Amino acid sequence: MALLEVRELSVTYRPRDGVPVRAVDRVSFDVAEGEFVGLLGESGCGKSTLGNAVLRLLDKPAAITGGTVVFDGTDITTAREETLRSMRWARISTVFQSSMNSLNPVITVGAQFEDTFQAHGIDPGHRAAELLAMVSLDPVVLRRFPHELSGGMKQRVALALALALSPRFVLLDEPTTGLDVVVQRSILDRLRELQVELGFAVLFISHDLGTVMEMADRVMVMYAGEIVEDQPARAMTAAQLHPYSRGLLGSYADPRAAQISVTYVPGRPPDLSREQRGCRFAARCPMVVDACLSEHPELLPAGQGLARCLMVDSPAIPGGFAVPGRARVDTAEGPPVLAVRDVVKDYRGGTRAVDKVSFDLHSGRVTALVGQSGSGKTTLAKLVTGIERPTEGSVRFGATDVGALRGRKLRAYRRHVQLVFQDPFAALNPTSTVAYALSRPLRNHLGLSAAEAGERAADLLEVVGLAPAAQYLDKLPHQLSGGQRQRVVIARALAPEPAILVADEPISMLDVSIRAEILELLDRLARDRGIAMLYITHDLLSARMLADEVLVLSEGRVVEGGPTLRVIRHAEHAYTKLLLDALPKPV
Amino acid sequence: MTEAAQVAAGRPARLPGWFVILWRNRKCRIGLVMLLVFVALAVLAPWITPYGPREDDYPPSIGPVAEHWLGTTARGEDVLSQLIHGARTSLLVGLAAGVLSTVIALAVGLTAGYLRGLVDEVLSFFTNVALVVPVLPLMVTLAAYAPVKGLWLIIFVISVTGWAYGARIKRSQIITLRTRDYITAAKFAGDSTARIIVREIMPNMTSLIVVGFMGACLGAIGGEAGLAFLGLGDPQTTSWGTMLNQANNGGAMLTGQWAWLVAPGLAFAALMTALTLINFGVDALSNPHLRED
């Protein structure tokens with residue numbers, strides 16, 4: 001008998017003012033003692049709901065509507081709250097993405113450990129310090145308050161707390177998402193070592209494919225509330241059984257490879273509030289046949305695991321949706337559009353965010369700024385866009401000194417420099433329609449009339465691939481998906497016909513399956529429209545795909561720079577190598 | 001299309017959307033119905049009251065009888081008629097002073113929060129001063145020594161003494177909103193500061209403004225009652241506060257006229273309860289977690 005047995009589990013959301021949505025649909029799987037299982041899928045596929053259901057942590061309007069979850073002989077779906085309370089944490093524990101924010105801000109870390117031990121009637125002794133040592137933290141941390149720790153440290157504390165009572169099963173729901181790449185790497189490495197050492201079982205939920213493939217023994221892929229593939233990680237890396245897994249894995253590549261080709265999965269997941277006939281992936285599948293539309297495939301043995309696909313035995317059709325790594329021009333011609341020279345930026349309190357950085361932006365070329373958080377990437381973006389002024393050095397746009405602009409002149413300069421934001425959910429005003437958001441730059445910068453702006457807004461939506469435009473103009477942001485929002489944000493940035501586009505981590509908040517699509521769009525816009533792009537990222541793969549030139553930033557300094565291929569394939573500086581090492585390596 | 005589906009569909013049904021959420025909250029529903037009753041009473045007062053509020057041709061100081069459900073005053077006026085007319089005063093003061101102090105709070109709070117720097121320092125200084133000044137004595141002094149008398153003086157006094165708390169809250173809200181990405185985006189789109197505040201920021205703090213307005217109404221209604229009870233109200237208007245004042249002076253307790261004393265007090269309590277209950281619903285509007293599913 002496996003440690004965790006999930007059978008035919010269904011979870012339904014029944015909002016009062018909406019149609020019921022079956023987010024998890026008859027899911028069955030086992031997790032064996034000491035096994036590390038990965039659960040992969042794009043946002044909205046039901047993976048977090050499944051995780052919460054396994055712990056019975058669902059809140060209204062979600063509820064388990066069928067099936068059983070048996071943990072170590074106890075049926076969690078029907079157990080009494082008291083039974084659950086003694087089980088949770090002692091035998092099943094969890095770390096969420098937001099776990100670091102679940103630390104009580106008014107008591108010290110040590111007191112939180114004591115609380116945990118006391119609640120389960122265990123004598124703490126020196127356990128807390130040992131636990132902290134396990135996650136590579138100094139015992140001094142016990143005397144600290146949560147606000148005195150960095151995000152990475154807090155997440156380590158959360159992990160140590162989850163392991164405090166030696167649970168046999170730990171649910172990890174995106175435990176390192178949102179943390180810095182290098183920090184992520186060190187936490188995950190430690191986690192894997194601990195898991196081997198202590199032998200607890202893990203269900204690791206993530207959308208980060210490279211990490212899941214590298215960490216897990218076995219990987220389950222979820223799509224539209226169902227498990228579509230379940231295979232040992234090694235087997236899945238070698239050969240994916242389901243076209244969706246193939247699409248997901250296709251969106252990952254090693255940036256150091258000589259040739260890179262990255263795919264994406266076009267389209268969006270189906271609307272689960274409607275009755276689903278046939279295969280749920282059919283609308284996005286490159287190998288769809290007539291039977292897929294009428295016959296719902298079962299999860300059947302295939303390869304070394306299970307797959308839910310009628311065409312599982314047919315040879316894979318590779319893509320039809322590939323984004324090839326384009327050949328780059330290494331040398332720029334003509335005068336630069338923007339010249340940054342020996343720029344220094346000091347903040348109050350004496351911190352130097354940017355230290356003597358110089359680079360040029362050329363029209364039709366993409367320059368990538370790569371570095372971990374705190375390296376000064378975003379400060380440079382602010383200097384280029386005129387939000388901040390340099391302490392020393394100059395930022396010149398043609399004959400204009402950007403650092404000296406104020407008021408009306410600054411506003412005029414912004415016609416030429418536009419921003420694409422990281423978080424498409426924060427970059428659009430939730431109370432304004434798409435048409436309004438697009439009309440503002442058109443009316444202000446280009447002086448168009450309301451009617452002209454309306455027409456131009458529609459054109460812009462078509463340019464960024466939102467067609468037919470009429471369908472999107474009257475939408476509010478919350479009615480769009482993340483990818484669609486980011487396209488609207490890009491359309492707005494294009495509206496005043498800028499010479500420079502600053503894209504600050506434009507794909508890091510998006511699903512893996514659509515990242516390549518947005519990169520392709522940015523790439524096409526920069527080349528076709530002759531826009532000089534400053535692409536800010538921590539992700540070397542996207543830099544490799546999009547940029548002509550890469551600058552690696554560390555502590556405000558450019559430590560290495562040059563043509564993309566040379567910097568990434570033949571990295572010289574130790575810091576560049578550190579960033580490259582932080583990339584997940586699927587086994 | 002069902003009502004529920006319309007909410008999900010968004011824009012064309014946005015107006016009913018907020019109302020559906022308010023109405024669905026049970027507390028808020030009770031509050032809305034209560035408020036509606038008060039508004040109806042106030043609007044229809046001249047037609048539904050049995051007598052004029054100032055007619056004093058009835059036997060003075062009698063208890064509840066069939067002709068006078070709540071008895072009469074020491075001067076021989078009908079208490080029930082006064083009570084119904086008094087709703088007009090309370091609602092008018094609540095609405096007018098509520099709007100006025102909300103407008104002052106918005107202007108001060110938004111300017112300080114958005115511009116920051118020296119402007120913020122100066123405006124915050126005045127806000128803090130206004131917060132610590134004891135409001136009731138100030139209102140009493142202003143009302144007692146003002147050269148003009150009347151209801152609008154009361155409204156003015158309540159507004160200028162009651163805006164500070166709202167300004168403080170709105171300032172802190174705008175400070176968190178002004179650094180959002182979409183505000184930066186609006187700047188890059190070339191929008192002016194005024195437009196950014198009105199078109200980008202204000203719609204995102206609607207529920208906060210409404211809650212502030214409700215709070216200001218409550219304060220204003222209470223303030224008017226307090227001033228009137230102390231005899232500083234406008235003697236020409238009939239309000240629940242002046243009724244209490246007259247009941248006190250007319251020796252309602254001595255003559256055993258409990259209805260004269262209790263009725264205006266209960267009316268106050270009911271109106272304030274109604275507004276507070278509505279506030280629960282407005283909270284649910286701004287915070288989906290508070291919605292009753």
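In what follows, every chain begins at residue 1, and chains take the letters A, B, ... in the order their sequences are listed. If you're wondering where the values come from, they're calculated on a predicted model, not measured in any experiment.
- Residue B/Arg178 qualifies as enclosed at atom CZ: its count of foreign heavy atoms under 6.0 Å is above 12.
- The OG1 atom of B/Thr184 lies 5.0 Å from the CZ atom of A/Phe421; values are rounded to the nearest 0.5 Å.
- Atom CD of A/Glu455 has 12 or fewer neighbouring heavy atoms from other residues, nucleotides or ligands inside a 6.0 Å radius.
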- prompt: Can you check side-chain contact (heavy atoms from CB on, under 4.5 Å) on A/Leu428 and B/Tyr182, steps first, answer last?
  reply: CA-CA 5 Å; A/Leu428 293 172; B/Tyr182 59 82; 5.6 Å; no
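- In the displayed structure, B/Tyr165 atom OH is contacted under 6.0 Å by at most 12 heavy atoms of other residues, nucleotides or ligands.
- Of the atoms belonging to A/Tyr413, not a single heavy atom falls under 4.5 Å from chain B.
- Both the backbone and the side chain of A/Arg440 have a heavy atom closer than 4.5 Å to some heavy atom of chain B.
- Neither the backbone nor the side chain of A/Leu410 has a heavy atom closer than 4.5 Å to any heavy atom of chain B.
- In terms of heavy-atom pairs under 4.5 Å with chain A, the best-connected choice from B/Arg195, B/Lys187, B/Glu200 is B/Arg195.
- With a 4.5 Å cut-off on non-hydrogen atoms, A/Arg443 does not touch chain B at all.
- When each of B/Ser192, B/Pro203, B/Ala186, B/Gly190 is scored by its heavy-atom pairs under 4.5 Å with chain A, the top score falls to B/Gly190.
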- prompt: Taking it one step at a time, do A/Asn429 and B/Ile201 satisfy side-chain contact (heavy atoms from CB on, under 4.5 Å)?
  reply: CA-CA 9 Å; A/Asn429 191 334; B/Ile201 292 178; over 6 Å; no
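- Remark: A/Arg415 is not positioned above the aromatic ring of B/Phe188, lacking an NZ or CZ atom under 6.0 angstrom from the ring centre and at most 45 degrees off the axis.
- Closest approach of A/Ala427 to B/Ala185, counting heavy atoms only: O-CB, 4.2 Å.
- A/Asn444 approaches B/Ala189 most closely through the heavy-atom pair ND2-O, 2.9 Å.
- The neighbour count for A/Tyr347 OH, taken as heavy atoms of other residues, nucleotides or ligands under 6.0 Å away, is above 12.
- In this structure the side chain of A/Thr431 never reaches within 4.5 angstrom of the side chain of B/Thr206, judged on heavy atoms.
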